[in-house]
Amino acid sequence: MTKHQPVTILLVEDDPGHARLIEKNLRRGGVSNEIVALDNGQKAVDFLFKKGDYAGADHASPLLILLDLNMPVLDGYQVLKMIKAIDETRHTPVIVLTTTDNPQEIARCYEMGCNVYVTKPVDYDQFSEAIRKLGLFLSIVKIPKDKD
Amino acid sequence: MRVVPRGLYGKLVLYVTLIIIAVISAFGFITYKQQVSRIESTANESVMLLAKNISLTCAEYVILYDYTNMEAYLKRFAELKNILEIVIYDKQGKILSNVVHEDGLQPLTRYSSESLSIPDSSEPSLHIENGKMVALYPITVDSIIVGWARLQYGLREIPYIRRAVLRNTILASILGTFVSFLALLTVLKSPTRLITSIADFAKSLDKVKGETIPVHHDFTEIEQLCEALNYASQKLSATERELMQHQEHLENLVTLRAAELAMTNEQLQQELVERKKAEERLSRYARELKENNEELRTFAYIASHDLRTPLVNMKGFAGELRFSLREINAVMNDILPSLDENNRTRLVTAFLKDVPEALGFIDSSAGRMEELINAISKLSRLGRQELKPELLQVQTIVQSALKDLQLVIEKKGIKVNVGPLPEIIADRNSLQTILGNILDNAVKYRRPGVPGEIEITAEKAPDGTVISIRDNGRGIPNEEIYKVFEMFRRVGTQDAPGEGVGLACVKTLVRRHGGRIWCESTPGQGTTFHFSIPEHVEFTDQATG
């Protein structure tokens with residue numbers, strides 16, 4: 001039933017539990033894409049701009065970013081700002097996954113160019129449901145390609 | 001203005017003048033006497049000489065009794081001045097001839113019958129007879145008296161001389177008086193000096209303390225002046241004494257007041273210091289309060305964020321466990337028959353009873369915790385969200401809130417009375433939340449078995465509009481009433497769902513409008529909530545981002 005896009009999912013989440021739950025539920029939702037999990041914003045930036053540990057790396061497939069807001073070193077807002085500030089990454093879709101449903105934060109994220117904002121529901125069923133739906137959504141979403 | 005003063009001065013002038021007049025008069029009198037006597041002695045000599053001459057020449061005629069020739073001879077004498085009468089007597093004293101003087105010598109019209117009383121002595125004599133000089137000279141021939149010559153001499157010059165002397169004397173007196181008067185006028189200087197000294201005394205009266213000026217009894221006016229001045233001086237010194245007393249009294253008063261003032265001042269200073277301290281304390285409290293508030297808000301914000309993260313894991317992995325449990329259960333049915341009774345029971349108890357029970361507790365606790373976090377987060381947002389003032393019809397808001405509760409109201413037959421409600425300036429959402437929460441409580445906490453009644457009224461108060469919501473519900477015990485507006489506190493029987501955050505939110509919103517909220521309640525009778533919205537709203541804690 002799924003038509004997989006050659007898209008790598010970059011999961012930026014400092015809480016390993018959350019990362020694990022998200023990954024599990026994405027898989028359960030039918031997402032079989034490669035998932036790269038990073039536990040802070042700096043690593044995400046390094047990965048995206050091929051710096052530090054990722055210097056010289058070659059990411060062939062386009063990316064989709066799942067971004068948490070509350071993170072040490074570089075928080076989600078800073079990462080989002082950097083992604084949206086550079087031509088290379090500006091069109092990369094960013095899905096903000098966060099614990100609060102504060103309307104001000106949501107508004108701020110959209111202003112900064114996030115594509116989708118998802119609140120991590122505490123209720124497990126809701127959460128897994130949301131992630132699964134996200135997985136379905138991701139499976140049909142068209143990611144713009146850098147080249148071609 | 002009188003030039004000659006009375007009294008001492010006048011007396012002095014009078015006495016001196018009289019003395020001068022007396023002296024001058026005496027001098028004039030002596031001069032007069034001397035002149036008169038000089039004139040008289042000259043007259044005597046000349047009369048005696050004349051009488052001698054007459055007697056000598058008349059001797060021949062007497063001897064010869066040649067009367068006619070003698071008279072002719074005598075007429076020559078009569079032409080002399082002041083000769084009044086020349087009479088020749090014989091030796092017996094019988095008149096031989098006479099001549100009477102009256103404006104010159106004229107022959108007597110009649111011969112005096114009187115005879116001369118022959119003097120005892122034969123010496124010539126001179127005497128005054130009726131103010132006239134009379135010389136009697138013997139007519140002798142060879143020292144034998146043959147007759148007598150009597151010559152009466154009238155000193156007609158003497159009254160003139162007397163008058164002249166008198167006139168001179170009077171003139172001299174007048175002159176002397178005038179001179180003495182002038183002299184006295186120069187002496188006036190000394191009374192002037194006296195007066196000047198009195199004037200100085202008068203001028204220095206203000207400095208004189210009870211002194212008196214010696215009284216000059218010789219000068220009536222000066223005496224009076226002195227007395228007046230002394231009286232004035234005494235009065236003045238009495239007044240001064242009085243003034244001194246007053247001043248002393250005043251000074252005492254001033255000293256007293258100054259002391260009181262100093263004391264008051266000190267008290268004020270102390271109060272000021274205390275007040276300043278109090279103000280400092282107050283501003284420190286305000287600062288601390290603000291900081292605390294800020295911390296609380298940060299805490300609420302962080303709590304809603306950071307408490308959620310583990311909660312997501314708790315719930316998430318509980319879900320995972322449940323998922324795993326379903327897997328286990330699926331294979332357990334295949335395994336169970338191969339196990340012995342004991343192991344089977346243990347496995348079934350663990351996987352079908354204990355684990356699901358544990359997962360249930362984890363779920364419900366995590367759920368409750370999420371509710372609390374949501375409440376905190378909601379309150380934190382209400383405390384910071386931006387409020388917009390607008391003109392609102394309270395009636396409209398109340399009706400819309402009642403509409404939300406319409407189902408319950410109708411179902412429970414609650415009677416709602418809405419009085420005339422004003423329009424106020426407030427934030428729309430806030431007012432909706434406030435009225436919605438209070439009305440929700442009124443509907444929720446009814447008294448069992450009693451038809452509900454809710455009344456909404458409003459009135460103008462000094463600090464704005466007070467809106468009151470009265471119900472006839474179960475009421476709140478007095479000792480619990482303070483909990484009503486506290487977060488997570490729920491009063492009374494917990495038979496209605498709720499987070500325990502509604503009235504805390506209401507309180508926050510009312511406070512942010514600058515208003516107050518309070519409630520009165522009697523258990524078993526009902527509760528009335530009042531809240532005020534100021535006429536000029538000024539929102540506090542307006543969100544900064």
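Chain naming here is simple, since letters A, B, ... match the order of the sequence lines and numbering starts at 1 in each.
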By side chain to side chain contact (heavy atoms under 4.5 Å, CB included) - contacts of A/Lys51 (at least two apart):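 Listed in chain order: A/Val45, A/Asp46, A/Phe49.
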- request: Could you tell me which residues satisfy side chain to side chain contact (heavy atoms under 4.5 Å, CB included) with A/Asn115, sequence neighbours excluded, listed by chain and number?
  value: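 Side chain to side chain contact (heavy atoms under 4.5 Å, CB included) check on A/Asn115 returns A/Lys84, A/Pro93, A/Val94.
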message: The test is side-chain contact (heavy atoms from CB on, under 4.5 Å); show your working for A/Lys24 and B/Phe323 and say whether it passes.
response: CA-CA 11 Å; A/Lys24 276 191 156 204; B/Phe323 187 82; over 6 Å; no
- request: Kindly check if the number of other-residue, nucleotide or ligand heavy atoms within 6.0 Å of CZ (A/Arg90) is above 12?
  value: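 Check passes, neighbour count above 12.
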query: Considering residues, nucleotides and ligands other than B/Phe361, do more than 12 of their heavy atoms fall under 6.0 Å from its CZ?
result: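 Atom CZ in B/Phe361 is not packed in, count stays at 12 or less.
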task: Show the numbers, then the answer: is there a side-chain contact (heavy atoms from CB on, under 4.5 Å) between A/Asn70 and B/Arg308?
output: CA-CA 11 Å; A/Asn70 275 326; B/Arg308 255 211 189 100; over 6 Å; no
- prompt: Are B/Asn313 and A/Asp15 close enough, and set up right, to give a side-chain contact (heavy atoms from CB on, under 4.5 Å), and what steps lead you there?
  reply: CA-CA 9 Å; B/Asn313 283 335; A/Asp15 188 284; 2.6 Å; yes
message: Keeping A/His18 on the side-chain end and B/Val312 on the backbone end, is there a donor-acceptor pair under 3.5 Å?
response: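 It does not hold such a pair.
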